[in-house]
Amino acid sequence: MSYGATILDAEGLRLSADEKALFRDADPFGFILFGRNVDTADQVRALCADFREAVGRDCIITIDQEGGRVQRLRPPLARNWLPPLDNVARAGENAERAMYLRYRLIASELRDLGIDSNCAPMLDLARDQTHTFLRNRCYGSEPETVARLGRAVADGLLGGGVLPVVKHMPGHGRATLDSHHDLPHVASCAEELDDTDFSPFRALNDLPLGMTAHIVLDQIDPRPATISPVVMELVRERIGFQGLIMTDDISMKALAGTIAEKTAQAIAAGCDIALVCNQTLKDRGAAAQAAGRMTGPAHARAERALALRQPPAELDIAAAEAELSRLMGGQVYDG
């Protein structure tokens, strides 16, 4: 039997009885954590155990732990990382190794708490006009550089037993609006995008999990990418991504409609699972019902992704920190 075609979240530090009942019935593929779900190390481990007990299996638990502004875990549970673009700039010619070590250490932080996925690498290209909500989360402006550093990020996470989630397909870097609040439009033609924005995603199309962008590519389809069958086919065929595709948070204001409507549209467009965040229990249930169970191909992609979730390779944390510090001239952390 296939999994429920959602990733859901929790309201607080532990699951309520109603949440446990919902998750037992909906059987989501996995869960995502936010800052409101984090207090102590033992509490996070207990919440992760709650999630897995509710669905009766060792489900995936993911988080946004990019570093910089977007990191749900902070000291003392995790290091206070620089924004990725700052990290790359400080490391210079050592950026590839530095990014590998950074995300290998992040993987160690996550696994220690029971978290086995991270919403990274981010393969969007930084441009002068890229909205500030996104720009310093990027790795660079050249497709080849972003692909190379994105591979280092993915390898660091996988080496630490954490599944990477590539984002935001097919590219969010041209957005001048914040998709949490507005719907960005991109006027560039498919041929220009093919040589630029799509390129890093094509280079990493073998990775197991990917996340969509809530963005309209005006010359390709008038619908936002997440709910566009045309763009989803482009991701599968032109970019060649064959991993499990999740939506960006379906609750973001870039998409119109109810949570259930947006979820159903995304699944119908070709997304494998809907990421549903920051909603009431009723709306989480409505989204789970709208998403239904994974299709046969989606379930096969999910199983292939889970098969890559391996025990972490041995890591000398002190040695990794020392090497990273040398590569970055001593400033590794923010503050």
Side-chain angles (χ1 to χ4, degrees), residues 1-12 14-34 36-37 47-48 50-64 117 119 165 167 169 179-180 183 209-214 223-229 231-232 235-236 243-303 305-306:
M1 187 174 182
S2 62
Y3 310 116
T6 53
I7 289 179
L8 302 178
D9 63 357
E11 290 183 2
R14 297 294 297 271
L15 296 187
S16 68
D18 287 342
E19 286 178 319
K20 290 179 181 179
L22 170 63
F23 298 156
R24 189 179 307 115
D25 292 341
D27 190 27
F29 174 65
F31 298 92
I32 187 167
L33 294 171
F34 289 91
R36 67 176 181 273
N37 305 127
L47 178 57
C48 289
D50 283 351
F51 284 137
R52 291 178 171 125
E53 182 180 5
V55 295
R57 55 186 163 81
D58 187 19
C59 64
I60 191 174
I61 298 175
T62 195
I63 195 168
D64 282 299
S117 173
C119 295
V165 180
K167 60 188 186 186
M169 299 188 296
S179 54
H180 291 85
L183 178 59
L209 298 160
M211 179 185 289
T212 66
H214 297 331
R223 293 165 290 189
T226 299
I227 60 172
S228 165
V231 176
M232 287 300 103
V235 169
R236 291 296 190 200
L244 190 76
I245 296 178
M246 70 176 73
T247 71
D248 202 347
D249 178 12
I250 211 74
S251 309
M252 289 162 64
K253 300 298 189 294
L255 302 180
T258 68
I259 296 301
E261 289 168 347
K262 293 188 285 187
T263 298
Q265 290 172 335
I267 299 298
C271 295
D272 295 316
I273 48 179
L275 175 63
V276 184
C277 308
N278 307 310
Q279 294 300 301
T280 64
L281 187 75
K282 180 180 179 180
D283 279 340
R284 280 177 283 170
Q289 185 172 10
R293 314 295 297 193
M294 284 186 184
T295 65
H299 183 76
R301 288 189 279 267
E303 291 296 338
L306 292 174

Exercise for the section: Verify the neighbour count for atom CD of Gln289: are there more than 12 heavy atoms of other residues, nucleotides or ligands below 6.0 Å? Expected result: no

Handout entry: Pairs satisfying ring pair (Phe, Tyr, Trp, His ring centres under 6.0 Å), at least one member in residues 268-297, at least two apart
Key = none

Problem - Sequence neighbours excluded, every pair satisfying ring pair (Phe, Tyr, Trp, His ring centres under 6.0 Å) that has a member inside residues 257-289 - result: none

Problem - Pairing residues for Ala305 by the side-chain contact (heavy atoms from CB on, under 4.5 Å) criterion, not counting sequence neighbours - result: Pro208, Leu209

Practice task
Taking Arg24 for its side chain and Ala54 for its backbone only, find out whether a donor-acceptor pair lies under 3.5 Å.
Solution key: no

Problem - Plane angle bin for Phe31 and Phe51 - parallel if under 30°, tilted between 30 and 60°, otherwise perpendicular - result: parallel

Exercise for the section: Using atom types as modelled and distance alone, determine if a side-chain donor or acceptor of Asn37 lies under 3.5 Å from a backbone N or O of Gly12. Expected result: yes

Practice task
Scan for salt bridge (Lys or Arg N to Asp or Glu O under 4.0 Å) pairs involving residues 246-269, sequence neighbours excluded, and state none if there are none.
Solution key: none

Exercise for the section: First locate atom OG1 of Thr212, then atom CG of Leu255, and finally report the distance between them rounded to the nearest 0.5 Å. Expected result: 8.0 Å

Handout entry: Which residues share a salt bridge (charged side-chain N to carboxylate O under 4.0 Å, His left out) with Lys167, sequence neighbours left out
Key = Asp64, Glu66

Exercise for the section: Any side-chain hydrogen bond (donor to acceptor under 3.5 Å, both in side chains) involving residues 2-11? Give me the pairs, sequence neighbours left out, ordered by first then second residue. Expected result: Tyr3-Glu303, Asp9-Arg36, Glu11-Arg284

Problem - Nearest-0.5 Å distance, OG of residue Ser251 to CG of residue Leu275 - result: 8.0 Å

